[in-house]
*Asks:* 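Sharing a structure with you now.
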Amino acid sequence: MANLKSFSALQLLLEIGDVDIVFTELYDSGMDIITGIEFIRNNRHHWRKVKLIILTSVEEPGLVKYLTGMGAQCYFSKRDDITAIISGLNQQDRIQSVVSPRLDTQTNSENAYRTPLTMAELNVAWLLARNNTVITISKQMNVSYKTIHTHKTNLMKKLNIADMPQLMKYLSVQHHSF
């Protein structure tokens, strides 16, 4: 058992094959969710042999679907009751992927948007939630303003949000979900 502070340290253990189970938060020590999502996606070939269990405060329905599709066997919210988590862990050997009942309800509700956000849209949402402007984001990501604007427009459509004030209100509420 190891308590690692970064995904790069975990990457080394995965590469040498010294891991049976990964129990992780989506954030790294720098509170960067995009790094965690990319780590899971880039290592999806390992999740056939290594159990990936996510315990996180991130409850974004599209992300839950995306990460279980990438091979996460269990996805639990830190707000879940401990008995629900234990029950889900006990079911995991019999079911391909387990999502806590509360998150499963959210993910499959009519309020959950049908098309998951892309990595670029998640990244833009994460940066917007931290009060970055579209211009600042375009400079940080080294892409054009129009590209960032397109990602923002697409994420607003997927979230069924009509304008910037509504988006900023949504992101302020969902701040820890991105």
Side-chain angles (χ1 to χ4, degrees), residues 1-80 82 84-85 88-89 92 96-100 102-104 106-107 112-113 115-132 136-137 140-143 147-148 151-152 154-155 158-159 167 170-178:
M1 179 186 236
N3 182 6
L4 306 174
K5 301 275 187 224
S6 71
F7 289 110
S8 57
L10 180 54
Q11 184 68 51
L12 288 172
L13 290 175
L14 281 172
E15 294 303 324
I16 60 173
D18 202 20
V19 179
D20 296 322
I21 299 174
V22 172
F23 206 103
T24 188
E25 167 63 89
L26 288 176
Y27 296 102
D28 67 1
S29 57
M31 294 303 288
D32 179 4
I33 189 172
I34 301 303
T35 302
I37 295 167
E38 288 175 349
F39 172 80
I40 291 168
R41 186 188 68 224
N42 293 339
N43 286 287
R44 63 182 169 261
H45 60 283
H46 287 292
W47 309 137
R48 285 181 232 120
K49 296 179 185 173
V50 178
K51 287 184 182 182
L52 174 61
I53 301 168
I54 299 170
L55 178 65
T56 184
S57 56
V58 180
E59 298 181 1
E60 201 287 306
L63 189 58
V64 173
K65 285 182 180 181
Y66 179 77
L67 293 175
T68 53
M70 285 290 114
Q73 286 90 353
C74 298
Y75 195 111
F76 299 107
S77 168
K78 288 183 177 178
R79 295 190 304 172
D80 285 333
I82 189 67
I85 294 171
L89 290 171
Q92 194 279 315
Q96 185 175 357
S97 65
V98 175
V99 175
S100 66
R102 200 172 64 73
L103 291 178
D104 194 41
Q106 287 179 11
T107 302
Y113 48 87
T115 309
L117 299 178
T118 65
M119 287 300 296
E121 292 160 353
L122 279 169
N123 203 4
V124 168
W126 187 76
L127 292 167
L128 284 170
R130 280 142 188 85
N131 296 317
N132 289 286
T136 304
I137 296 169
Q140 285 179 331
M141 294 177 69
N142 200 28
V143 295
T147 300
I148 300 303
H151 292 318
K152 183 188 77 165
N154 290 341
L155 94 93
K158 290 176 181 181
L159 296 173
L167 176 62
Y170 176 85
L171 292 175
S172 70
V173 170
Q174 296 294 324
H175 183 82
H176 295 292
S177 293
F178 287 102

*Asks:* Name all pairs fulfilling the salt bridge (Lys or Arg N to Asp or Glu O under 4.0 Å) condition that reach into residues 37-47, sequence neighbours left out, sorted by first residue then second.
*Replies:* none
*Asks:* Among all residues two or more places apart in sequence or in another chain, which pass the side chain to side chain donor-acceptor pair (under 3.5 Å) test with Gln11?
*Replies:* Glu15, Asn43
*Asks:* Look at the side chain of Asp80 and the backbone N and O of Ser77, then say whether any donor-acceptor pair between them is shorter than 3.5 Å.
*Replies:* yes
*Asks:* Not counting sequence neighbours, which residues clear side chain to side chain contact (heavy atoms under 4.5 Å, CB included) with Leu12? List them please.
*Replies:* none
*Asks:* Can you sort out the partners of Ile16 under side chain to side chain contact (heavy atoms under 4.5 Å, CB included), two or more places apart, ordered by chain and number?
*Replies:* Leu13, Asp18
*Asks:* Would you please name every residue forming a ring-ring contact (aromatic ring centres under 6.0 Å, His included) with Phe76, sequence neighbours left out?
*Replies:* none
*Asks:* If we only count heavy atoms from C-beta on, is the Thr118 to Asn154 side-chain gap below 4.5 Å?
*Replies:* no
*Asks:* Suppose we screen for salt bridge (charged side-chain N to carboxylate O under 4.0 Å, His left out). Which residues come up paired with Lys152, at least two apart in sequence or across chains?
*Replies:* none
*Asks:* Output all residues satisfying side chain to side chain donor-acceptor pair (under 3.5 Å) with Ser97, sequence neighbours left out; order by chain, then residue number.
*Replies:* none
*Asks:* Who passes side chain to side chain contact (heavy atoms under 4.5 Å, CB included) against Asp20, sequence neighbours left out?
*Replies:* none
*Asks:* Using side-chain heavy atoms (C-beta onward) and a distance below 4.5 Å, is Ile37 in contact with Asn123?
*Replies:* no
*Asks:* Please report the closest heavy-atom contact between Ile54 and Ala72, naming both atoms and the distance.
*Replies:* CD1-CB, 3.7 Å
*Asks:* Provide the closest heavy-atom pair for Val19 versus Ile21 in the form atom of the first, atom of the second, distance.
*Replies:* CG1-O, 3.6 Å
*Asks:* How long is the straight-line distance from CH2 of Trp47 back to CD1 of Ile53, given to the nearest 0.5 Å?
*Replies:* 11.0 Å
*Asks:* Working to the nearest 0.5 angstrom, can you tell me the gap between Tyr75 OH and Leu55 CG?
*Replies:* 10.0 Å
*Asks:* Taking the side chain as every heavy atom from C-beta outward, state whether Tyr66 and Leu122 have any atom pair closer than 4.5 Å.
*Replies:* no
*Asks:* Okay, side chain of Gln73, backbone of Leu52: is any donor-acceptor separation there less than 3.5 Å?
*Replies:* yes
*Asks:* Looking at Leu10 and Val22, what are the two nearest heavy atoms and their distance?
*Replies:* CD2-CG1, 3.6 Å
*Asks:* Nearest 0.5 Å please: distance from the NE2 atom of His45 over to the CG atom of Leu14.
*Replies:* 8.0 Å
*Asks:* Please round to the nearest 0.5 Å and tell me the distance separating atom CZ of Phe39 and atom NE2 of His46.
*Replies:* 7.5 Å
*Asks:* With a 4.5 Å limit on heavy-atom distance, are the side chains of Met141 and Leu127 in contact?
*Replies:* yes
*Asks:* Taking side chain to side chain contact (heavy atoms under 4.5 Å, CB included) as the test, write out the residues that go with Thr136, two or more places apart.
*Replies:* Asn132, Thr133, Gln140
*Asks:* When you look at Leu89 and Lys51, which way does the side chain to side chain contact (heavy atoms under 4.5 Å, CB included) test go after all the steps?
*Replies:* CA-CA 11 Å; Leu89 290 171; Lys51 287 184 182 182; over 6 Å; no
*Asks:* Residues two or more places apart in sequence or in another chain: which of them pass side chain to side chain donor-acceptor pair (under 3.5 Å) with Thr24?
*Replies:* none
